[in-house]
Number of protein chains: 2
Amino acid sequence: MATPSAGRSRVNRGSEQVRERLIESAIAEFAAHGFEGSSGRRIAAEAGAHQSQINYHFSSKNDLWKASLERLLAELDSALASNLAAVDESDARARFSASVQGLVQFAARRPELNRIMMHEGAAPGDRLRWLVDNHMRGRHADLMSAWDALTASDDAAAVDRDVVYHSLVGAASLLYANAPEAVLLGIGPAGRDLVDRHAASVVAMFLKPLNH
Amino acid sequence: MATPSAGRSRVNRGSEQVRERLIESAIAEFAAHGFEGSSGRRIAAEAGAHQSQINYHFSSKNDLWKASLERLLAELDSALASNLAAVDESDARARFSASVQGLVQFAARRPELNRIMMHEGAAPGDRLRWLVDNHMRGRHADLMSAWDALTASDDAAAVDRDVVYHSLVGAASLLYANAPEAVLLGIGPAGRDLVDRHAASVVAMFLKPLNH
DNA sequence: TGTAAGTTTGATCAATTGATACTAGAACTT
DNA sequence: AAGTTCTAGTATCAATTGATCAAACTTACA
């Protein structure tokens, strides 16, 4: 009767698949049209489900949106973690480079997260507050402390501290968040080597060259 | 009877003001919620007008959106032109710096344009195609030829050519396009000096230092 | 002032929205 | 096999959407 909670117990073989498909098509729809421009019926149809199943598996359009974002952010975390796994703990430059590379690669592979963030960041509201409180504040703090360390070791380029976060995210992700525009402009489609060149470019923007 | 065209003739004193107010509140609404998430009734109410006046002064929600974008792009052009007016024609570095400064200042003063561009760039469609065909292709080409000149004179930083446009726009505008998010993160509100530091940072990202 | 054009206002249209209620059926446990 | 729980499917709700129409009002010019 009630919405199945995180720990579903018994009959969940096919149900889990519907949940997955709903989240996947919700991610696509929210990224393309924003929350308010997205339709639950379109999301359900794309997932091969009925609109009322959204309210069954999630309790509302809002909760489906939250589930979609938690999925995307978990993917980002795992991508960043695997990119940082092999890097020397004490090498701040290498860790920064690996993080930027991970960010760019993820933005290219999963542009939906940056698209949704750009939709939501454009206006105040409950969803934005939820995003910042539950997910973005920590990421922002992590970047700032990494940046402060780079500044202390004279590895940071001439970029103002207040501006690092959004400049970095913007430089790393707009090409993919706005990929449909880039295609019309004749850029891409983004091959693997373009992404690598892009990551190297972003690193060069924020890190002083080594032998200086 | 028909929608009044650009050259209105007689009774147009108050009408022109309604048109202006509709465009102004449409800009705010489209920037905050995207085209599909925006409501004509909300736009009209904000402008102190009736919903049907949108279809009278513009013939459709789509045409109101186009008028809004032409307004914003005209403002951008005039801001950039005035920023470039006093700069030496032959000094490519100075012209690039002045353009970047103009871009950052405009993004801070009128974040709506970048917000709308980020909404529309996230998915293919008629509006995006109209934007690119009528306004963005030329701007992109202008930046690329400026960049090629900077590359030829060894003034361009180590940024891949395919990536310059979106990296520059992203680095220059995301902080303002997503200002509501930045506020929640404790950045800003953007003072005049922050904008100047931001512009200098972006210039430093894309231009090699002078005496190198 | 009278007439015609321009503009506002209010009503209405079919279509779509998110959510809810209810029935039918499938799957697991005992 | 019986009984229970979970899931799918259908129908429906009030609210909102963009657009259209016609009537009322306003302004300018003859």
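The chains referred to below are lettered A, B, ... by the order of the sequence lines, with proteins before strands, and numbering in each begins at 1. Note that these values count all heavy atoms, side chains included, but never hydrogens, waters or copies made by symmetry.
Atom C1' of nucleotide D/dT16 and atom NE2 of B/H33 are separated by 15 Å, given to the nearest angstrom. Spacing between atom CZ of A/R19 and atom C1' of D/dA8 amounts to 16 Å, rounded to whole angstrom units. Note: CD1 (B/I43) to C1' (D/dT16) measures 14 Å, nearest angstrom. Whole-Å rounding puts the B/E36 CD to C/dT16 P distance at 14 Å. Counting to the nearest Å, the C1' atom of C/dG18 and the CG atom of A/L64 are 12 Å from each other. A straight line from CD of A/E29 to P of C/dT16 spans 14 Å, rounded to a whole angstrom. To the nearest angstrom, P of C/dA27 lies 12 Å from CD of A/Q17. At whole-Å resolution of the value, CD in B/E16 and P in C/dT7 are 9 Å apart.
The side chain of A/Y56 lies closest to D/dC6 when the candidates are C/dT8, D/dC6, C/dA19. Comparing atom distances between the A/V18 side chain and each of D/dA8, C/dT20, D/dG18 picks out D/dA8 as nearest. Ranking D/dT7, C/dG18, C/dT8 by closeness to the A/H57 side chain, first place goes to D/dT7.
Within 6.0 Å of CZ in B/R129 there are 12 or fewer heavy atoms belonging to other residues, nucleotides or ligands. Residue A/D126 qualifies as open at atom CG: its count of foreign heavy atoms under 6.0 Å is 12 or below. Other residues, nucleotides and ligands contribute over 12 non-hydrogen atoms within 6.0 Å of the CD atom of A/Q51.
Aromatic ring pairs are classed by plane angle as parallel below 30°, tilted from 30° to 60° and perpendicular above 60°; the pair B/W65 and B/F35 is perpendicular.
Proximity of residues 46-53 of chain B to DNA chain C (heavy atom under 4.0 angstrom from any strand atom) is restricted to B/H50, B/S52, B/Q53.
When the side-chain nitrogen and oxygen atoms of B/R42 are compared with OP1 and OP2 of D/dT16, none of them lie within a distance under 4.0 Å.
Judged purely by atom type and a 3.5 angstrom limit, A/E70 has no side-chain atom pairing as donor or acceptor with the backbone of A/A67. Proximity of a side-chain donor or acceptor of A/T151 to a complementary backbone N or O of A/A156 within less than 3.5 Å is not detected.
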### Query
Going through the distances and angles, do B/H198 and B/Y176 end up as a side chain to side chain contact (heavy atoms under 4.5 Å, CB included)?
CA-CA 11 Å; B/H198 188 179; B/Y176 313 105; 2.7 Å; yes
